[in-house]
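Structure record follows, encoded as structure tokens.
All residue numbers in this chain count up from 1 along the given sequence.
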Amino acid sequence: ATFQELLGSHIVFLEIADKTVKNLRDYSRAKMADILKWEASIGFIVVLLVILLTKKILTANRQVHAEIAERIKVEADLRESEERFDFAVKGSNDGLWDWNIVTNHVYYSPRYKDLLGYRDEEMDNVLSSFESRLHPDDHPQVMAAIEAHLTSKVPYDIDYRLRTKSNEYRWFHARGE
């Protein structure tokens, strides 16, 4: 091949290469425009999602704050009620008790235990502490009165004897609603 022929073939090759590069540039620009449109769409969607999630988070945050404020109020009301109850119990000469049937836990006031001759820690807070101290002659009527109260809402109002720490029996009058 002559120099001219070789030169000509390179020129043709360069022209083809130049057209290919131009076509690639045009193709790349078109694709880049498509990619930019796609990225813009994705960016818009991301921004929209961030806005929506922020609104949801703010709404949830407001709800949590409202629930916390309500709980604080309820706890304050409960403390106030407990303080009034404690004040009433301490100011009363009566012995008070309250039985949670589900847990079998019984609250016996310090005065209740004192009336039987016990310190607070000397008497367990369960129903058997009461039942085991009942006079044998009073036991059936007292348990029947408790049962009637629980099943038929009959007012609990009964007299009975309880054994004290010194093993003497003492009369008590009990009422409950």
Scan residues 59-72 for pairs that pass salt bridge (Lys or Arg N to Asp or Glu O under 4.0 Å), counting only residues two or more places apart or in two chains. Arg71-Glu75
Geometric class of the Trp97/Phe130 ring pair [parallel <30°, tilted 30-60°, perpendicular >60°]: parallel
If you define the side chain from C-beta out and look only at heavy atoms, does anything of Ile146 sit under 4.5 Å from Trp99? yes
Report the residues that fulfil side chain to side chain contact (heavy atoms under 4.5 Å, CB included) with Thr103, sequence neighbours left out, ordered by chain and then residue number. Asn100, His105
Lys56 vs Asn61, side chain to side chain donor-acceptor pair (under 3.5 Å): CA-CA, chis, key distance, verdict: CA-CA 8 Å; Lys56 286 195 178 261; Asn61 199 17; over 6 Å; no
Please determine if Arg133 forms a cation-pi arrangement with Tyr118, meaning its NZ or CZ atom is less than 6.0 Å from the six-membered ring centre and no more than 45° off the ring axis. yes
Has the side chain of Ser129 got a donor or acceptor atom that lies under 3.5 Å from a matching backbone atom of Asn125? no
So Asp159 and Trp171, do their side chains get closer than 4.5 Å, heavy atoms only? yes
Salt bridge flag under 4.0 Å for residues Asp120 and Lys113: yes
Is it true that Tyr107 and Leu162 fall in one hydrophobic cluster, defined by side-chain heavy atoms closer than 4.5 Å? no
If you apply the rule side chain to side chain contact (heavy atoms under 4.5 Å, CB included), what do you find for Asp157 with His173, and how did you get there? CA-CA 7 Å; Asp157 192 349; His173 179 82; 2.7 Å; yes
Worked check of side chain to side chain contact (heavy atoms under 4.5 Å, CB included) between Thr164 and Tyr169: CA-CA 6 Å; Thr164 65; Tyr169 282 95; over 6 Å; no
Output the distance between atom CG (Asp77) and atom CD (Glu82), rounded to the nearest 0.5 Å. 11.0 Å
Out of curiosity, does Met123 fall in the hydrophobic cluster containing Leu96 (side-chain heavy atoms, cut-off under 4.5 Å, transitive links)? no
Hey, is the main chain of Ser128 close enough, under 3.5 Å, to the side chain of Ser132 for a donor-acceptor pair? yes
With a 4.5 Å heavy-atom cut-off, do Arg175 and Ile158 have their side chains touching? no
Please name the pair of heavy atoms, one in Leu127 and one in Val106, separated by the smallest distance, quoted to 0.1 Å. N-CG2, 3.4 Å
Just how far is it from atom CD of Glu168 to atom CG of Leu116, taken to the nearest 0.5 Å? 12.0 Å
Keeping to residues at least two apart or across chains, list the side chain to side chain donor-acceptor pair (under 3.5 Å) pairs with something in residues 138-148. Glu131-His139, Asp138-Arg161
Is any NZ, NE, NH1 or NH2 atom of the basic residue among Glu80 and Arg84 found under 4.0 Å from an Asp or Glu carboxylate oxygen of the other? yes
If you measure from OH on Tyr160 to CE on Met143, what distance do you get to the nearest 0.5 Å? 11.0 Å
Taking Val126's backbone N and O only, do any of them form a donor-acceptor pair with Tyr108's side chain (distance below 3.5 Å, no angle check)? yes
Decide yes or no for Arg170 and Leu115: does some side-chain heavy atom of the first lie under 4.5 Å from some side-chain heavy atom of the second? yes
